[in-house]
Undergrad: 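Submitted below is the structure of interest, expressed as structure tokens.
A, B, ... follow the sequence lines: proteins, then strands. Residue 1 opens every chain. In this text the structure is predicted, and so the values were computed from the model without any measurement.
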Amino acid sequence: MPEGPELHLASLYVNSMCEGVVFSGPVRKSEVSKNPDVPFTSEAYRITATSRGKEVKLTLTPIKKDEPKRRMKTGQAEQPIDIVFRFGMSGYFRFTREDELPKHAHLCFYSKEKPSRVLSFVDTRRFGSWEPNGTWQPNRGPCVLFEYKKFRENVVSNVSDRAFDRPICEVLLNQKYFNGIGNYLRAEILFRSNIPPFVSARAVLEGLDSDDSCENENPLKKETDTKKQMKHEMSDLLRLCHAVPLEVVNLGGKGYDPTKKEYSDFEAWLQCYCVDGMKSLQDHNGRTIWFRGDPGPMSPKAKKWAKKVNDHDYTDKKKVKMRSSSRHLHNSVYLSSVSFHQVAKRKREAKVKKTVIKQEGVTKTPKNEKDARLKEAESKRRKPAKTHEVNTPQRETRSSARRRKTSSVEATAGVAMSKNKNVLSTGEE
DNA sequence: CGTCCACGTCTAC
DNA sequence: TAGACCTGGACGG
């Protein structure tokens with residue numbers, strides 16, 4: 001669940017669920033968590049939340065009574081405290097009855113009522129963390145959602161930073177500059193801007209104005225600037241870093257609470273990430289980047305895999321093959337956020353009908369366009385084309401009809417995508 | 001059953 | 001620039 005929009009939706013969730021609720025007693029941590037204890041206890045306190053980028057801050061505010069002395073004695077808090085959370089890969093908040101505490105609830109706040117209700121921080125994989133009396137992590141930049149102006153200035157005034165030497169898709173995950181952007185957002189943002197993922201970040205960003213003209217509400221200016229301006233604004237990468245996550249927030253808070261919603265909205269919203277017909281590659285940090293068309297000049301090619309088992313091309317290829325072919329079908333395991341889960345499921349189902357074929361290439365020879373076209377045509381023709389890997393013909397059972405996205409590991413130039421989102425190809429070999 | 005994969009940081013060689 | 005840190009769903013055998 002956790003990129004900027006989900007963190008913000010989490011804060012909205014806490015504020016709406018906990019409005020008017022009085023909490024009481026100590027904050028309890030699960031046995032298994034390695035995060036710090038939260039040394040706070042109060043007879044009566046309230047909880048509110050705010051978010052910034054990929055962090056959420058809970059504020060516990062004791063409700064005033066008029067006997068400070070007594071409270072002092074019993075170690076009761078008088079002053080509010082903040083707890084700053086990072087969600088890792090699977091964190092989220094839930095507010096439930098005490099008897100229905102979710103599995104993997106690692107930090108719990110109990111309400112004062114008889115059968116208590118509990119606000120809990122749930123985190124299956126435990127990559128999440130919290131800091132009592134914490135502040136926003138100092139090395140993280142301004143929030144792409146709610147500090148847009150500062151965010152923009154921070155990037156524009158620092159493009160000379162070595163951090164921008166890298167490909168844009170990798171820089172977008174740098175929280176010092178893009179606090180709130182994560183793996184699905186970077187794919188969606190680049191997709192909409194039509195910028196290949198592996199082009200130099202500096203090349204893309206330098207020349208952008210620290211002042212986003214969209215922010216100027218000056219009507220005169222609007223009039224004078226025409227379509228050109230609009231176009232520029234729409235394609236301005238930094239603006240998209242704000243606008244795209246905002247769209248997710250606007251899909252609704254319901255999209256967040258795993259119990260309530262259908263996640264079809266979120267699924268339908270994705271245009272690139274895990275979408276059939278899109279390509280994917282591992283970036284230099286081993287993260288999967290989804291994109292369409294040309295990967296760009298700084299793409300990692302197939303080195304990553306090739307180098308490992310260099311001599312043994314059989315095993316190596318086999319391995320590569322497995323990844324590429326099976327990966328797409330599975331990216332679904334997002335426990336904390338059903339949305340992703342559902343997304344994958346839907347795609348798989350849709351897949352059955354469609355028949356997409358793709359070709360993988362991780363091997364040498366980037367082929368030329370003609371080949372690409374031939375391949376594509378070929379794959380279109382034979383439906384469930386098995387992808388032939390050089391040595392390992394990988395078979396795909398029709399019955400299991402798994403879904404498959406295209407992947408292209410090679411930096412093959414953009415293979416023209418057919419409009420049918422289903423088809424694609426990119427193969428090498 | 002085993003392998004692969006996942007919305008993210010972290011720290012250590 | 002690798003691992004480490006974790007759990008669990010989907011698949012393949």
Undergrad: Determine the interatomic distance between P on B:dC13 and the same-named atom on C:dA4; round to the nearest Å.
TA: 11 Å
Undergrad: Answer yes or no: does a side-chain N or O of A:Lys103 lie under 4.0 Å from OP1 or OP2 of C:dT7?
TA: no
Undergrad: Before accepting this row, confirm whether a basic side-chain N of the pair A:Arg86/A:Glu131 lies closer than 4.0 Å to the acidic partner's carboxylate O.
TA: yes
Undergrad: Heavy atoms within less than 4.0 Å of DNA chain C: which residues of residues 195-204 of chain A have one? Give them sorted by number.
TA: none
Undergrad: When you check the phosphate oxygens OP1 and OP2 of B:dA6, does a side-chain N or O of A:Arg125 lie under 4.0 Å from one of them?
TA: no
Undergrad: Is A:Ser120 reaching over with its side chain to a backbone N or O of A:Val122, donor-acceptor style, under 3.5 angstrom?
TA: no
Undergrad: So, OP1 or OP2 of B:dC5: does either fall under 4.0 Å of a side-chain N or O from A:Thr288?
TA: no
Undergrad: Is the CZ atom of A:Arg202 crowded by more than 12 outside heavy atoms at less than 6.0 Å?
TA: yes
Undergrad: Scan residues 174-183 of chain A against DNA chain B and write down, sorted by residue number, each residue with any heavy atom closer than 4.0 Å; if none is found, say none.
TA: A:Gln175, A:Gly182, A:Asn183
Undergrad: Under 4.0 Å: is that the gap between some side-chain N or O of A:His284 and OP1 or OP2 of C:dA2?
TA: no
Undergrad: Please report, rounded to the nearest Å, how far the P atom of B:dA6 is from the CD atom of A:Glu6.
TA: 16 Å
Undergrad: Does the side chain of A:Leu7 come within less than 4.5 Å of A:Pro2's, by heavy atoms?
TA: yes
Undergrad: Please check if the distance between the ring centroids of A:Phe40 and A:Phe23 is under 6.0 Å.
TA: no
Undergrad: Got more than 12 heavy atoms from elsewhere within 6.0 Å of NZ, A:Lys112?
TA: yes
Undergrad: Side-chain N or O of A:Arg287 less than 4.0 angstrom from OP1 or OP2 on B:dC7?
TA: yes
Undergrad: Expressed in whole Å, how much space separates the P atoms belonging to B:dC4 and C:dG3?
TA: 15 Å
Undergrad: Rounded to the nearest Å, what distance is computed from the CG atom of residue A:Asn35 to the P atom of nucleotide C:dC6?
TA: 11 Å
Undergrad: Output the distance between atom CG (A:Leu281) and atom CH2 (A:Trp290), rounded to the nearest 0.5 Å.
TA: 10.0 Å
Undergrad: Can you check whether A:Lys54 has a side-chain N or O nearer than 4.0 Å to OP1 or OP2 of B:dT9?
TA: yes
Undergrad: Rounded off to whole Å, could you give me the CG-to-C1' distance for the A:Leu9 and B:dC7 pair?
TA: 13 Å
Undergrad: Please measure how far the P atom in B:dC5 lies from the corresponding atom in C:dA2, and state the result in whole Å.
TA: 16 Å
Undergrad: May I ask which nucleotide in the shown strands pairs with B:dC7, Watson-Crick or G-U wobble, both distances under 3.5 Å?
TA: none
Undergrad: Identify the residue among A:Tyr92, A:Tyr13, A:Tyr184 that makes a side-chain hydrogen bond (donor to acceptor under 3.5 Å, both in side chains) with A:Glu6.
TA: A:Tyr184
Undergrad: Nearest-Å distance, CH2 (A:Trp269) to P (B:dC7)?
TA: 14 Å
Undergrad: Whole-Å distance between C:dC5 C1' and A:Phe87 CZ?
TA: 19 Å
Undergrad: Determine the Euclidean distance between corresponding C1' atoms of C:dG8 and B:dC10; express it in Å to zero decimal places.
TA: 23 Å
Undergrad: Determine whether the aromatic ring centres of residues A:Phe93 and A:Phe87 are separated by less than 6.0 angstrom.
TA: yes
Undergrad: Establish, with yes or no, whether the OP1 or OP2 oxygen of B:dT9 is under 4.0 angstrom from a side-chain nitrogen or oxygen of A:Arg140.
TA: yes
Undergrad: Please determine if A:Asp283 and A:Arg186 form a salt bridge, counting it only when a charged side-chain N lies under 4.0 Å from a carboxylate O.
TA: yes
Undergrad: Surrounding CD of A:Glu19 (heavy atoms of other residues, nucleotides or ligands, distance under 6.0 Å), is the total greater than 12?
TA: no
Undergrad: Over how many whole Å does the gap from A:Phe127 atom CZ to B:dT11 atom P extend?
TA: 14 Å
Undergrad: For A:His106 and C:dC5, what is the distance between atoms NE2 and P respectively, to the nearest whole Å?
TA: 16 Å
Undergrad: Round to the nearest Å and state the distance from A:Glu188 atom CD to B:dC7 atom P.
TA: 13 Å
Undergrad: Counting side-chain heavy atoms from CB outward, which of C:dG8, B:dG8, B:dC10 is closest to A:His104?
TA: C:dG8
